[in-house]
Number of protein chains: 2
Amino acid sequence: MLIRPPQQATLADLATHKLAQSIVTGELAQGQKLNEAELAERFGMGRGPLREALRQLEGLRLVKRIPNVGVRVVVLDRKTLSDLYAVREALEGMACRIAASQMSDDEIAQLAALLDKHEAQIAQQGGKLYAQSEGDLDFHYQIARGSRNQMLMDLLGSEQYQLLRMCRYRTSRNAQRTKPALSQHRQIVEALANRDGELAELLMRRHIQGAWRSISEMIDQEEREAA
Amino acid sequence: MLIRPPQQATLADLATHKLAQSIVTGELAQGQKLNEAELAERFGMGRGPLREALRQLEGLRLVKRIPNVGVRVVVLDRKTLSDLYAVREALEGMACRIAASQMSDDEIAQLAALLDKHEAQIAQQGGKLYAQSEGDLDFHYQIARGSRNQMLMDLLGSEQYQLLRMCRYRTSRNAQRTKPALSQHRQIVEALANRDGELAELLMRRHIQGAWRSISEMIDQEEREAA
DNA sequence: TTTGACAACTTTGTCGACAATCGGAGTTTT
DNA sequence: AAAACTCCGATTGTCGACAAAGTTGTCAAA
């Protein structure tokens, strides 16, 4: 449970969290219709809190809702993901540039340590692509934190982060990109350590572009398989 | 009603819309506590739909909520606005760059026409700073549309747009920036017409930086007055 | 066979009442 | 007098039932 472990929470908050988890992990398929009564029963609560949860998920863009008809899990098609990566490039690029001047030496050191841990995980490679993927997101989130921009953290952390995780689960098979990604991460950390914001931004943008190319090819492949 | 006139809507949607409007226009003061029962009665509905509306507003970041305590209208302090403008700079800069290659000649012509209309409004200046402000946001939104990036349009359109409008209402007194702003807008349109994405991005970023400086000074002034 | 309307069913939208929790006034204690 | 405790009113959280709208299946007519 990487995100928001709700300590003191209402039932609606619980439901929001569980549903988000289920959607991100693919337990609830893309485009699937969500039945209020059924979900309420499954979670052991009334329909009231559940409806509130659905409203919140709508705000997080994890579901789409049509009045008097119902809500469905969003569908991550090619265009949506393309848009997402374009926005990420701008946002995370900015985060990197600012983080280069704002992060403490200690924070940057921690970032480097995170990559070491990350590398060790790859070495083991015990099918733990999941953990690897979450680790990567951690890296990106730490940089967002380094920008000291709460709005940026919210954007990257809540909405985009979730969609991205969703995408990862879908395409978690491609392990071949983990090594170049790690190398790029290291370059970014080095730029941060040198307080070179411009370079850090450039490297991050390239990194995300590379990730998009990789994802894009995978989608092409899927589409070809489907045809 | 510039945004989302809900045609076929549920009561909760209606409430969301009305509340958003009230918050943005300042009718509901920043930091004000929102009482469910009171609002429900005022809108002539039960507490159920109203609670759903509050959840949605929470997603739009117009209110903050604390479990078992209640929800309050967000407070736009200096840091929040600073963060907002930084994010806008990155996002709208990107929108401009992409729009330069994606917008049709016709759309760019419409954009120019919008500025003419805008200029006429300024000439009259009948205290209609409100309309002027909305016109400015229209300009920015049209460019976001030009990027053909739905996620970008959502981000700039729903959340940020609302916060920005809120800020405008608060600081709508500063009319002195309208003329330089218009001039900058024209430069941007020219860059778009020349299909010069890089220049368009640069100009937009400067434009937003200028807007932030203006807002920032105004906040300083307010703080000095308060002291 | 296809198409249209009708009816029954399912699902969403809404309300009112009850339970749980929090904030504050008043009182007690050190 | 300041701090802590206690109780009470107010507000939020939750549930079940009812109303309204949409969906689906059936049957008859073209």
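Here is how names work: the chains are called A, B, and so on, in the same order as the sequence lines, proteins then strands, and each is numbered from 1. None of the values given here were measured: they were computed from a predicted structure.
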Side-chain N,O (Asn68(B)) to OP1/OP2 (dT12(D)) below 4.0 Å: no
Lys117(B) atom NZ, over 12 foreign heavy atoms within 6.0 Å: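 Not buried by this count: 12 neighbours or fewer within 6.0 Å.
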Which atom of Gly46(A) lies closest to which atom of Ala40(A), heavy atoms considered: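 Closest approach of Gly46(A) to Ala40(A): O-CB, 3.7 Å.
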Sugar-phosphate, base or nothing in reach of Leu34(A), heavy atoms under 4.0 Å: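 Sugar-phosphate: the residue Leu34(A), judged by heavy atoms under 4.0 Å, touches backbone atoms but no base.
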His207(A) and His185(A), any side-chain heavy atoms less than 4.5 Å apart: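 Yes; the side chains approach each other to less than 4.5 Å.
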Spatial distance of atom CG (Leu57(A)) from atom CG (Leu19(A)) [nearest 0.5 Å]: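 So the gap between those two atoms works out to 5.5 Å.
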Close side-chain approach of Asp13(B) to Arg65(A), heavy-atom, < 4.5 Å: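 Asp13(B) reaches Arg65(A) side chain to side chain.
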Nucleotide dA10(D), atom C1' - distance to CG of Asn35(B) in whole Å: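 About 9 Å, once rounded to whole Å.
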Glu41(A) CD: over 12 foreign heavy atoms closer than 6.0 Å: no
Range on DNA chain C touched by chain B, heavy atoms, distance below 4.0 Å: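 Going 5' to 3' along DNA chain C, contacts run dG13(C) to dG23(C).
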Separation of dT11(D) P from Leu50(B) CG (nearest whole Å): 14 Å
Given DNA chain D, 5'-ward residue of the pair Pro67(A) and Thr10(A), judged by closest heavy atom: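 Whichever sits nearer the 5' end wins; that is Thr10(A).
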Rounded distance (Å) that lies between atom C1' of dG13(D) and atom CZ of Arg55(B):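 About 10 Å, once rounded to whole Å.
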Validation row: Leu11(A), Phe43(A) side chains within 4.5 angstrom (heavy atoms):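 When only atoms from C-beta onward are counted, Phe43(A) and Leu11(A) do not touch, as no gap falls below 4.5 Å.
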Value in whole Å for how far the C1' atom of dC18(D) lies from CD of Glu36(A): 15 Å
Neighbour count >12 (heavy atoms, 6.0 Å) for atom CZ, Arg97(B):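 Buried by this count: over 12 neighbours within 6.0 Å.
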Within 6.0 Å of NZ in Lys64(B), more than 12 heavy atoms from elsewhere: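 Not more than 12 within 6.0 Å, no.
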Angle of first-five versus last-five pair axes in the helix from dT1(C)-dA30(D) to dT30(C)-dA1(D), to 10 degrees: 20°
Under-4.0 Å side-chain N/O to phosphate OP1/OP2 contact, Lys33(B) with dT12(D):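 Yes, such a contact exists.
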Which residue lies more 5' along DNA chain D, comparing Met45(A) with Val69(A) via nearest heavy atoms: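 It is Met45(A) whose nearest nucleotide is closer to the 5' end.
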Atom-to-atom span, CZ of Arg51(B) to C1' of dT11(D) - whole angstrom: 10 Å
